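Keep in mind that the numbers below use all heavy atoms, side chains included, and drop hydrogens, waters and symmetry copies. These numbers come from a predicted model, not from an experiment.
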Amino acid sequence: MAAHLMPERADREFVLEAVQVSPRAVLYAPTQRRGERVFVLAAGRRNGLALQYAHAVPGYSTSLQADPEVVLAAVLQDGRALQHAAHQL
């Protein structure tokens with residue numbers, strides 16, 4: 001892996017590890033990450049309640065709260081995540 005990509009990957013992994021302790025850690029992810037489906041899916045798999053922050057931060061897409069795979073991953077991790085899913089689900 002190129003050395004210039006290492007800090008970004010380290011930041012991503014650090015935030016995902018922190019999400020396991022507190023779903024609010026998503027708020028500290030780099031802005032470009034918060035809107036990435038892959039990142040939100042990974043965060044939800046580690047702590048389903050991270051889904052609640054999908055609307056709280058610019059760049060963290062609310063459409064991901066309506067994504068069936070993202071919501072399912074979050075709910076499987078923590079059933080309480082369902083209350084943060086989009087109403088159309």
Side-chain angles (χ1 to χ4, degrees):
M1 181 175 296
H4 68 281
L5 296 178
M6 300 275 296
E8 182 178 317
R9 180 169 169 75
D11 288 346
R12 179 183 186 275
E13 292 304 316
F14 177 79
V15 171
L16 289 175
E17 288 297 318
V19 164
Q20 288 181 301
V21 176
S22 172
R24 289 182 54 84
V26 168
L27 299 173
Y28 299 99
T31 303
Q32 70 273 15
R33 288 275 180 229
R34 293 190 297 251
E36 291 177 2
R37 184 179 186 277
V38 172
F39 178 78
V40 176
L41 185 58
R45 285 181 175 149
R46 292 179 186 218
N47 189 327
L49 295 179
L51 187 62
Q52 71 185 301
Y53 297 104
H55 66 282
V57 182
Y60 197 77
S61 176
T62 57
S63 66
L64 293 172
Q65 288 176 313
D67 182 308
E69 186 180 4
V70 171
V71 172
L72 180 60
V75 169
L76 287 174
Q77 199 287 320
D78 189 322
R80 298 174 294 171
L82 186 58
Q83 67 187 327
H84 303 293
H87 294 288
Q88 66 263 32
L89 291 180

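Contact between Gln88 and Ala66 at its shortest, heavy atoms only, is NE2-CB, 3.4 Å. What you find for Val71 and Leu64 is that their closest heavy atoms are CG2-O, 4.2 Å. Closest approach of Gln52 and Pro23 over heavy atoms only: NE2-CG, 4.1 Å. Taking all atoms of both residues into account, the shortest heavy-atom contact from Ala43 to Val19 is O-CG1, 3.6 Å.
In this structure, the side chain to side chain contact (heavy atoms under 4.5 Å, CB included) partners of Ala18, at least two apart in sequence or on a different chain, are Ala25.
Expressed to the nearest 0.5 Å, how far NE2 of His84 lies from CG of Asp78 amounts to 8.5 Å. One distance of note links CZ of Arg45 with CG of Leu72; it measures 9.0 Å at 0.5 Å rounding. In this structure, CZ on Arg37 lies 4.5 Å from CD on Glu69, to the nearest 0.5 angstrom. How far CG of Asn47 is from CD of Glu17: 12.0 Å, rounded to the nearest 0.5 Å.
Under a hydrophobic clustering in which Ile, Leu, Val, Met, Phe, Trp and Tyr are joined whenever their side-chain heavy atoms come within less than 4.5 Å, directly or via other members, Leu49 and Leu27 fall into different clusters. Transitive grouping of hydrophobic side chains (ILVMFWY, heavy atoms separated by less than 4.5 Å) keeps Leu76 and Phe39 in distinct clusters.
With hydrogens and angles disregarded, a donor-acceptor distance shorter than 3.5 Å links the side chain of Gln83 to the backbone of Arg80.
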